[in-house]
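From a predicted model like this one, the values you see are computed outputs, not experimental measurements.
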Amino acid sequence: MASAGRQSFLRREISQLPLFLLVFGVLCASMMVPAMHALVVNDHSTSQAFFYAGALGCVIFAMIGIAHAGRAPRHGALGPLMSLLSAFVIMPAVLAIPFVEALPTTRFVNAYFEMFSAFTTTGATLFDDPARLSGTLHLWRAQVGWLGGLLMWTAAVAILAPLNLGGFEVTTQAEPGRSETAPHASRALTPRQRVGRAVTTLAPLYAALTLALWMLLIFSGQVPLDALIHAMSVMATSGITGTDPAVPSAAGIPGEMIMALFMCFALSRLTFSSDTVTATQGGLTTDPEFRIGLGIVILVPLALFARHWFASLDAENPEPLVTALKALWGGMFTVLSFLSTTGFVSGHWTEAQSWSGLGTPGLILMGLSLIGGGVATTAGGVKLLRVFALYRNAVREMEQLVHPHSVSGAGVAGRRLQSGGAFIAWIFFMLFALSFTAVVLALALIGVSFEDAMVMAIAMLSTTGPLTQVASEAPIDLIALSDTAKAVLCTAMVLGRLETLAIIALLTPDLWRA
């Protein structure tokens, strides 16, 4: 009984610690995983780097936790949101310490950028040659991205949803950054209680899905380490891989099919949860986000397939049917991957080009990444729900042109999407466009070419880092950029991960007084 009481007291004390400190402790403890992997593969210097950094971090966490014990926690709307922003900016510096110790041939600035990109689930890498990094460092990159995805998964429900941010503002009645006046059970909880409940609910599901995907990829023929890296990258939509980024699946089409199945989780939260039902109550089959995402995944590859098919009519091809089917699948997998902002490219994506002789414009992949996935998922982009809100508003406006006195019959939720939700979605699109313009101009002033600046701006704001390798005619050499350019890209990654509305909410005086 006494032992159970002490454990309960310890859990209660830990739950009272600041969110930023808890994230710090979890990340430091997670360094033991690559330390053990490096020890198993006899890479003792790398194992020591991660073990010492993790042990020192855990000691610092314990000391600060003890000093903080007994203090009355201060709850407010600003605290968790500010902690989330601070975690994305400061924590990559902590995560870069073992990385740069294990890879002394690189600078700390490059290690910080690498960890920043992984933690925000962007997945852009400075090391184009996978052989330069050991398997342990590739595992660490994927693990950091996986933890960053879990952080955003829980933050969407526990932090952004109560403030009507992150896409939730489209279907709510209150303004972004403010809670609705209507009573709700979750609003009776403190921010720490909401975070704790979200973690205990979502973390086991997140880990179970990752484990299931890992096992399936191993059965499909992938090496266990590569399978684990790809499993974590797919669940976090980070697009991190320890192999050639253009061919993430060594198991061929079966492995890609398995990954594509799990990428569907990024299209709508209703694929695994019912806590964010928005415009409909009919489940996944009537969910607007999933239906729009599925339509894009079907229609865009078919359009590309038709384009290549007509171009190949005059070309000599010994296996037209087999080649055509492989090209069709390559298009479907790649479209789904970039729509979910994962960024993996099918091994058969380039087969369509060799089949017909036509290249596939990178602008298509950039557009898919801009659209992004569903609300409250690990995907980036502007979100499918906002696209749906603008679509509903456009349909309603055309109806009123024909029948000026008509009344919408879409119900309360539908009318919200057609009016106020569409207005907020349009504001977000304008803010996103302004952010894109600012990033492009900043990179151009530094000396980056205009085309590369556009690709990098979209890649960072949509958290789809692999775009820098496949969207332009030649892969962009990120490591050759100046430190100032890398700082601009890090700023864009924060804007893309937290979204501009959340950053603006932090500047609201009313929120500081909450």
Side-chain angles (χ1 to χ4, degrees), residues 23-58 61 87-88 90-152 206-207 210-211 214 222-243 245 248 342-343 378 465-466 478-479 490 493:
V23 173
F24 173 80
V26 171
L27 292 175
C28 290
S30 69
M31 294 180 185
M32 298 303 169
V33 175
M36 294 176 60
H37 176 270
L39 184 62
V40 170
V41 298
N42 294 322
D43 188 355
H44 296 288
S45 60
T46 300
S47 179
Q48 290 176 355
F50 279 97
F51 178 78
Y52 291 150
L56 179 60
C58 290
F61 168 77
F88 281 120
I90 299 175
M91 287 304 170
V94 178
L95 302 172
I97 294 175
F99 189 95
V100 76
E101 287 293 327
L103 189 68
T105 57
T106 192
R107 296 186 302 146
F108 184 82
V109 172
N110 294 336
Y112 176 81
F113 180 91
E114 195 75 15
M115 293 296 97
F116 201 108
S117 175
F119 197 46
T120 56
T121 72
T122 303
T125 180
L126 300 178
F127 307 98
D128 297 334
D129 184 11
R132 185 179 177 186
L133 302 181
S134 64
T136 301
L137 291 181
H138 284 302
L139 174 63
W140 178 235
R141 291 172 58 234
Q143 182 179 319
V144 169
W146 187 81
L147 292 172
L150 176 60
L151 178 61
M152 280 307 302
Y206 190 69
T210 306
L211 179 61
W214 181 29
Q222 290 196 16
V223 177
L225 178 60
D226 291 340
L228 179 59
I229 292 174
H230 293 152
M232 290 191 290
S233 299
V234 168
M235 292 308 303
T237 65
S238 63
I240 296 173
T241 177
T243 58
T342 303
T378 56
L478 296 178
I479 201 170
C490 288
M493 281 188 269

Looking only at heavy atoms, which two atoms of A142 and I240 are closest? And how far apart? N-CG2, 4.0 Å

Test side-chain hydrogen bond (donor to acceptor under 3.5 Å, both in side chains) applied to T210 - qualifying residues, sequence neighbours left out: W146

Any side-chain heavy atom of F51 sitting closer than 4.5 Å to one from M32? yes

Taking T237 for the side chain and V234 for the main chain, is one N or O donor matched with an acceptor at less than 3.5 Å? no

Measure from the side-chain N and O atoms of S238 to the backbone N and O of T122, and report whether any donor-acceptor pair falls under 3.5 Å. no

Of the non-hydrogen atoms in S30 and L27, which two are nearest, and what is the gap between them? OG-O, 2.6 Å

G242 to P130 - nearest heavy-atom pair and separation: O-CB, 3.6 Å

For a quick test of reading the model, state the closest non-hydrogen atom pair linking P34 to Q143 and the distance between them. CD-OE1, 3.6 Å

Partners passing salt bridge (Lys or Arg N to Asp or Glu O under 4.0 Å) against R132 (at least two apart in sequence or in another chain): none

Non-neighbouring partners of T121 that pass side-chain hydrogen bond (donor to acceptor under 3.5 Å, both in side chains), sequence neighbours left out: R497

Can you tell me how far CH2 of W140 sits from CE of M115, rounded to the nearest 0.5 angstrom? 7.0 Å

Distance, nearest 0.5 Å, that separates OG1 of T46 from CG of L139: 11.5 Å

Is any side-chain heavy atom of L103 closer than 4.5 Å to a side-chain heavy atom of F99? yes

Contacts of V41 that satisfy side-chain contact (heavy atoms from CB on, under 4.5 Å) - sequence neighbours left out: H37, D43, T136

Using the side-chain contact (heavy atoms from CB on, under 4.5 Å) criterion, which residues pair with C28? Sequence neighbours excluded. F24, C58, V94

Gap separating the CD1 atom of I229 from the CH2 atom of W214, nearest 0.5 angstrom: 11.0 Å

Distance from I97 atom CD1 to F108 atom CZ, nearest 0.5 Å? 5.5 Å

Excluding sequence neighbours, so at least two apart, what forms side-chain hydrogen bond (donor to acceptor under 3.5 Å, both in side chains) with S47? none

Can you tell me if T378 uses its side chain to pair, donor with acceptor, with the backbone of M235 under 3.5 Å? yes

If only atom types and distance count, is the side chain of E114 paired as donor or acceptor with the main-chain N or O of A96 below 3.5 Å? no

Once you round to the nearest 0.5 Å, how far does OG1 of T125 lie from CG of L478? 8.0 Å

With rounding to the nearest 0.5 angstrom, report the CD1 to CZ distance, I479 to R107. 8.5 Å

Please give me the minimum heavy-atom distance between T120 and M493, naming the atom from each residue. OG1-SD, 3.7 Å

Which heavy atom of G149 sits nearest to which heavy atom of A236, and what is that distance? CA-CB, 4.2 Å

I want to check something: taking the side chain as every heavy atom from C-beta on, are F127 and H138 in contact at a cut-off of under 4.5 Å? no

